[in-house]
Structure formats: structure tokens, C-alpha cells
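Below is one structure, written out as C-alpha cells; comments come after it.
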Amino acid sequence: MKPAPFHYHAPQTIEETLDLLAEFADDDGRVLAGGQSLVPTMAFRLARPKHLVDINGVKELDYIEVQNGKLCIGAGVRHAAFHQPVEDGPLGRLLSAVVRHIAHHPIRTRGTFCGSIAHADPASEWCAVAAALDAEMVAESKRSGLRVIAAKDFFQGIMTTALRDDELLSEVRLPIQQPDTHLGFAEFSRRAGDYAIAMAVGGYRLKGGMMTEIRIAVGGAEGAPRRMLAAEHLLIGRPPNAGTFQAAAHAAIKAIDPLDDENVSADYRRSIVRAMVCRALENASA
Ligand SMILES: Cc1cc2nc3c(=O)[nH]c(=O)nc-3n(C[C@H](O)[C@H](O)[C@H](O)COP(=O)(O)OP(=O)(O)OC[C@H]3O[C@@H](n4cnc5c(N)ncnc54)[C@H](O)[C@@H]3O)c2cc1C
């Protein structure tokens, strides 16, 4: 099938983009970024936006830079930018480990980091990372100006976020991690490149051999990714080993309410979450 007819707009600046969104958002106008999620849904006519505001020509959105201890990722940055570490520390290494789980190489050369965050598929790897690290999302519009939204408030359910229709997600900020931070990622999907059934991000620092500043987030299992606070709490002041990791995984599966569908039952997803939380923490220790 071909997409339903639409009007195409090609702004060259953020200002023009915001003007177009202010004018057309109410008339079913949408941002077009990498098109790797939006175009297939249009081709199936599951989405029929009347206006597409294509941000691919907005060069000022294409940047990755460190500012005030945060890695700032502009809306033009493709997944493939993370194939090599974009910074020298644990955050750069985590992003490079995670990116290879996203779809396939051609999709990674078009799809954008911010597009994944805006689309908020429950099984998005970048959304899980954003939740784990308490990312900040920068939303801009003519009506509301600039809003900085914390990850815990941004992800609200399956493909549902705090972003308003006329807002551009112009930047995502990830906190740079201290050099001694241990970070790990694990996901399970049926075939390489498929959307994950579940995934986890784990992280901690060590103080006298005991864990502190613990982060555990689960993605893919529920409508939106989130930190597993009870599981994190359990690890404070304890050593990193198989026993403590399993205890955290057990706490995580008690805390989640997994999605349940004809392909993947809630029980199966829960058992995958248990394994992924353990593996993410093991990978963090490796
Ligand atoms: C075969 C296949 C496999 C895939 N597998 C995975 C996978 O394993 N993991 C994964 O995470 N993703 C996967 N994807 C999706 C891919 O990562 C997309 O790139 C991503 O979901 C959306 O990014 P995009 O830049 O392509 O956004 P688009 O498709 O252009 O847009 C998606 C939605 O977000 C909105 N949007 C995009 N950017 C902005 C912005 N800056 N501000 C406001 N709104 C915005 C659009 O209006 C639209 O509603 C897969 C895609 C395909 C086709």
C-alpha cells in the first residue's frame, strides 16, 4: 500500500520547524525524522498525518556534545553515530554496546536517537537507557517555549509521552558517568534485529568493594521503561556477585506488571526479565 496523501514541509532551521508545528500540529501535522517507524505505519495506513515536517534538512539539530556534565544529543543524530563510543567513559561504551541491538545496519543509518525517544516504543533500547540514567528531554514549541522533561515523567505508556503535538524533541541529555561506574546492558529477542521481548540496564559504583549508586531499569516488559527502585535498594552496600544479582532480579520481577499478548505471555516475559536483570548486572561487572 501507499501512504495516504499528505503535505510535505522541509524546514531548514529550528525556528522554521517550530513555526510549521505551531501552524499544522492541530491539523494532524507530525515531525518526520529518520522515518523508520513513521513511514512503515503510514505505508500500512495505520497513521495518516496530513502534514509532515521533515527535520532532516535542519543542520543545527545534528550534534553530539558534552555540556555541564551531560551528553547532549540533537534530534538529527542517527543511531549509527553510536557505533563507535561518542565519549571516552562508561557512558560512551554503554551506548556502543546498546546500539548494535537496534534493528539492522541500514535502519541504524537513518533512524534517530531522539526519534526513538519520541516514538517511545516499549521495546526501544534508547528509551530503556534514558530511563536508567535519568535522561532529560528538551522539548521546544512556539506555544510553550523550552521545556526540560525528566525521563520518569516523559515515558507515560505504550508510545505515549509527555511531548505535546506541537513540540519538537530537539535534544536528549544523558548524564556523563564517573569513570569508575560499572554499566551493563542485556536484551532478549527471538532473532537478531527483532524488537526485544525484554531488556535491562544495570549500573553501580563500588565503595570499599560494596555497591552504591545503583541503577536498574527494565524495558520491553511493560508499557514504558522504568527504574526498578526496590531492586536497586536491595543492592545498596552489598557486594557484586551472582547471589546479590539474583536477589535484585527477583525484586524486579515482583515489581513489574508485564505485557501479555498472544505471542509472549506475561509469565514468560517475567522469566526473561529475571534473566536480563542478572545479565545486565553481570555485564556491568565484566
Ligand atoms: C525493521 C525495523 C526494525 C526495528 N527494530 C528496532 C529495534 O530493535 N529497536 C528500536 O528501538 N527501534 C527499532 N526500529 C525503529 C527505529 O529505531 C526507528 O528509527 C525509531 O523508532 C524512530 O526513529 P526515527 O528517527 O526513524 O523516527 P520517525 O519514524 O521519523 O518518527 C517516529 C515518531 O516519532 C516522532 N518524532 C520523531 N522525531 C521527533 C522529534 N525530534 N520531535 C518530535 N517528534 C518526533 C514522529 O513524528 C513519529 O511520530 C526498527 C524499525 C524497523 C523498520
Side-chain angles (χ1 to χ4, degrees), residues 3 6 8-11 14 17-18 20-22 24-25 28-44 46-58 60-63 72-82 95 98-131 137-141 144 146-147 149 154-155 158-173 185 187-199 201 219-220 224-225:
F6 58 86
Y8 176 80
H9 308 272
I14 294 176
T17 306
L18 301 185
L20 287 162
L21 288 174
F24 297 118
D28 216 356
R30 292 260 201 107
V31 170
L32 172 69
Q36 298 303 299
S37 294
L38 183 55
V39 172
T41 51
M42 287 173 64
F44 284 117
L46 296 169
R48 295 165 176 244
K50 287 199 192 134
H51 297 268
L52 285 188
V53 179
D54 181 352
I55 58 171
N56 286 278
V58 183
E60 57 190 309
L61 289 171
D62 195 6
Y63 62 88
C72 304
I73 303 163
V77 175
R78 317 276 169 189
H79 305 313
F82 300 92
L95 298 175
V98 170
V99 71
R100 66 186 180 84
H101 293 277
I102 302 174
H104 303 281
H105 191 270
I107 292 162
R108 296 199 289 266
T109 63
R110 286 299 300 168
T112 63
F113 185 99
C114 290
S116 281
I117 301 285
H119 189 57
D121 190 296
S124 153
E125 286 82 359
W126 292 144
C127 293
V129 168
M137 322 304 174
V138 181
E140 289 187 58
S141 70
S144 313
L146 190 143
R147 297 197 299 144
I149 309 165
F154 186 83
F155 299 114
I158 299 175
M159 293 173 189
T160 307
T161 70
L163 213 55
R164 295 175 184 146
D165 287 346
D166 61 345
E167 281 181 325
L168 171 71
L169 178 64
S170 56
E171 180 180 292
V172 174
R173 300 172 183 162
F185 177 79
E187 83 164 40
F188 180 78
S189 54
R190 290 224 162 93
R191 296 171 308 183
D194 277 7
Y195 281 98
I197 289 173
M199 68 187 78
V201 181

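Each ligand, and each atom within it, is numbered from 1 in the order the structure gives. Only a predicted model underlies this, so the values are computations on that prediction, with no experimental measurement involved. Positions are given from 1 along the sequence.
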Are the side chains of Val172 and Trp126 in touch, meaning some heavy atoms are under 4.5 Å apart? no
Output for ligand 1, non-hydrogen cut-off under 4.0 Å, lists Arg30, Val31, Leu32, Ala33, Gly34, Gly35, Gln36, Ser37, Leu38, Ile55, Ala75, His79, His101, Ile102, Ala103, Ile107, Gly111, Thr112, Gly115, Ser116, Ala118, His119, Ser124, Glu125, Leu163, Glu167, Leu168, Leu169, Gly193, Asp194, Tyr195
Taking the side chain as everything from C-beta on, heavy atoms only, tell me whether Asp62 gets closer than 4.5 Å to Val77. yes
Does any N or O in the side chain of Glu60 come within less than 3.5 Å of the main-chain N or O of Ile14, such that one atom is a donor and the other an acceptor? yes
Could you check whether any side-chain heavy atom of Arg78 comes within less than 4.5 Å of a side-chain heavy atom of Thr109, counting everything from C-beta outward? no
Residues that Phe24 engages under ring pair (Phe, Tyr, Trp, His ring centres under 6.0 Å), provided they are two or more places apart: His9, His51
Minimum heavy-atom separation for Asp54 to Pro11, with atom names? O-CD, 3.2 Å
